Protein chains: 2
Amino acid sequence: MDKIDRRILRLLQEDSTIAVADLAKKVGLSTTPCWRRIQKLEEDGVIRKRVALLNPEKVNGRVTVFVSIRTNSHSMEWLKRFSEVIGEFPEVVEFYRMSGDIDYLLRVVVPDIAAYDAFYQKLIAKIEIRDVSSTFAMERIKYTTELPLDYMVLDKP
Amino acid sequence: MDKIDRRILRLLQEDSTIAVADLAKKVGLSTTPCWRRIQKLEEDGVIRKRVALLNPEKVNGRVTVFVSIRTNSHSMEWLKRFSEVIGEFPEVVEFYRMSGDIDYLLRVVVPDIAAYDAFYQKLIAKIEIRDVSSTFAMERIKYTTELPLDYMVLDKP
DNA sequence: GTCGCATAAAGAAAAATATTCCGCAAGCAT
DNA sequence: ATGCTTGCGGAATATTTTTCTTTATGCGAC
């Protein structure tokens with residue numbers, strides 16, 4: 001892993017449609033070695049997948065809600081069940097187990113507040129939760145899938 | 001926008017490397033009309049971009065922190081300045097203006113707690129903030145860039 | 001009904017791109 | 001120096017995308 005790999009990752013994080021030949025030019029390689037590096041990055045699991053990102057507005061996903069959850073049962077069993085339930089909801093796009101006084105945090109995408117309420121009702125019908133607190137995002141100021149690469153560990157500079 | 005478009009979007013959200021011919025087969029079209037639909041979805045801005053998603057572990061981004069921010073100055077000026085500052089930090093991958101008693105919410109990705117502290121110091125050096133509260137994610141249970149398409153409005157079913 | 005028009009599909013051809021194959025050069029241990 | 005490993009590059013090949021042209025279908029005006 002060196003500077004060139006990092007440059008490749010940076011560019012692919014921005015736009016994965018770029019042709020290997022163009023990418024190669026930008027990082028100062030010819031297409032073959034560049035192509036091989038990309039393959040390796042995929043094999044090694046550094047590149048997890050390539051996806052299309054949609055415009056939330058255009059697919060009726062205007063509202064983002066952060067849902068803070070506290071639970072009574074801190075057992076593995078409960079978490080397993082909870083994870084499965086959450087997995088079934090495409091509205092939940094992020095799901096973290098947290099430190100601090102909130103046990104779990106969800107990010108939920110829905111068209112409007114009514115749809116959020118419907119989601120909420122469905123959720124609490126499926127599994128018991130001690131405490132749920134919802135906070136609505138008014139504006140999405142920044143959202144990126146690009147991870148910071150400055151911290152990456154390089155073998156060869 | 002019809003069921004076929006939705007199927008195309010669903011598949012491209014999962015994996016954008018799929019060949020148009022294969023995609024076409026899956027949605028029951030031949031390559032040309034399928035290709036044209038994809039073009040249109042891109043023109044219309046439904047498909048925003050195509051990117052490579054990296055494995056956070058492999059690029060030294062093991063720690064996710066949610067940062068709740070409250071401010072004194074609720075002016076446009078301050079927000080503009082704040083947005084610019086945040087924009088400079090690649091560690092901040094999400095940034096929302098919120099309802100409720102928290103004004104802004106950040107999601108920050110860093111290698112470890114020390115790096116988070118360094119980020120925090122840099123941030124508060126650049127702009128004055130009334131109150132900052134950091135909560136660490138212990139585990140990322142679900143993370144997807146796939147938006148729910150069930151809510152999408154279809155002209156033709 | 002049928003004519004003309006608009007929309008969407010399909011097949012084949014052309015262009016662009018990805019992938020493979022082979023040889024060359026540099027670094028390094030023996 | 002010799003042999004080995006690693007990484008690069010150019011050319012050939014295979015795939016895929018993109019364009020071009022044709023055909024089918026639905027629909028309103030007459």
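Keep in mind that this is a model prediction, so the values were computed, not measured. Proteins get letters first, then strands, A, B, ... in listed order; numbering begins at 1 in each.
The NZ atom of B:K25 sits 12 Å away from the P atom of C:dG11 (whole-angstrom rounding). Spacing between atom CE of A:M1 and atom P of D:dT6 amounts to 18 Å, rounded to whole angstrom units. When rounded to the nearest whole Å, the span between CG of A:D155 and P of C:dG27 equals 18 Å. For the pair B:R50 CZ and C:dT17 C1', the interatomic distance rounds to 15 Å; values are reported in whole Å. When rounded to the nearest whole Å, the span between CD of A:E43 and C1' of C:dT19 equals 14 Å. In this structure, the CG atom of B:D22 is 13 Å from the C1' atom of D:dT17, given to the nearest Å. Nucleotide D:dG7 holds its P atom 16 Å from the CD1 atom of A:I38, rounded to whole Å. Distance A:K40 NZ to C:dT19 C1': 18 Å, rounded to the nearest Å.
In this structure, the nucleotide among C:dA9, D:dT18, C:dT19 sitting nearest to the side chain of B:L29 is C:dA9. Of all nucleotides listed (D:dC8, C:dT19, C:dA10), D:dC8 comes nearest to the side chain of A:P33. Side-chain proximity of A:A19 to D:dT16, C:dG11, C:dA18: nearest is C:dA18.
Ring planes of B:Y116 and B:F136: perpendicular class, angle over 60° (limits at 30 and 60°).
Comparing A:V20 and B:T32 against DNA chain C, the residue whose closest nucleotide sits nearer the 5' end is B:T32.
The shortest side-chain heavy-atom distance between A:I47 and B:L53 does not fall under the 4.5 Å cut-off. The shortest side-chain heavy-atom distance between B:E128 and B:N72 falls under the 4.5 Å cut-off.
Within 6.0 Å of CD1 in A:I124 there are more than 12 heavy atoms belonging to other residues, nucleotides or ligands.
A close approach under 4.0 Å does not occur between any side-chain nitrogen or oxygen of B:W35 and OP1 or OP2 of D:dT17. Considering only side-chain N and O atoms, B:R36 lies nowhere under 4.0 angstrom from the phosphate OP1 or OP2 of C:dT7.
Taking CG from A:L12 and CG from A:L23, the interatomic distance works out to 5.5 Å, rounded to the nearest 0.5 Å.
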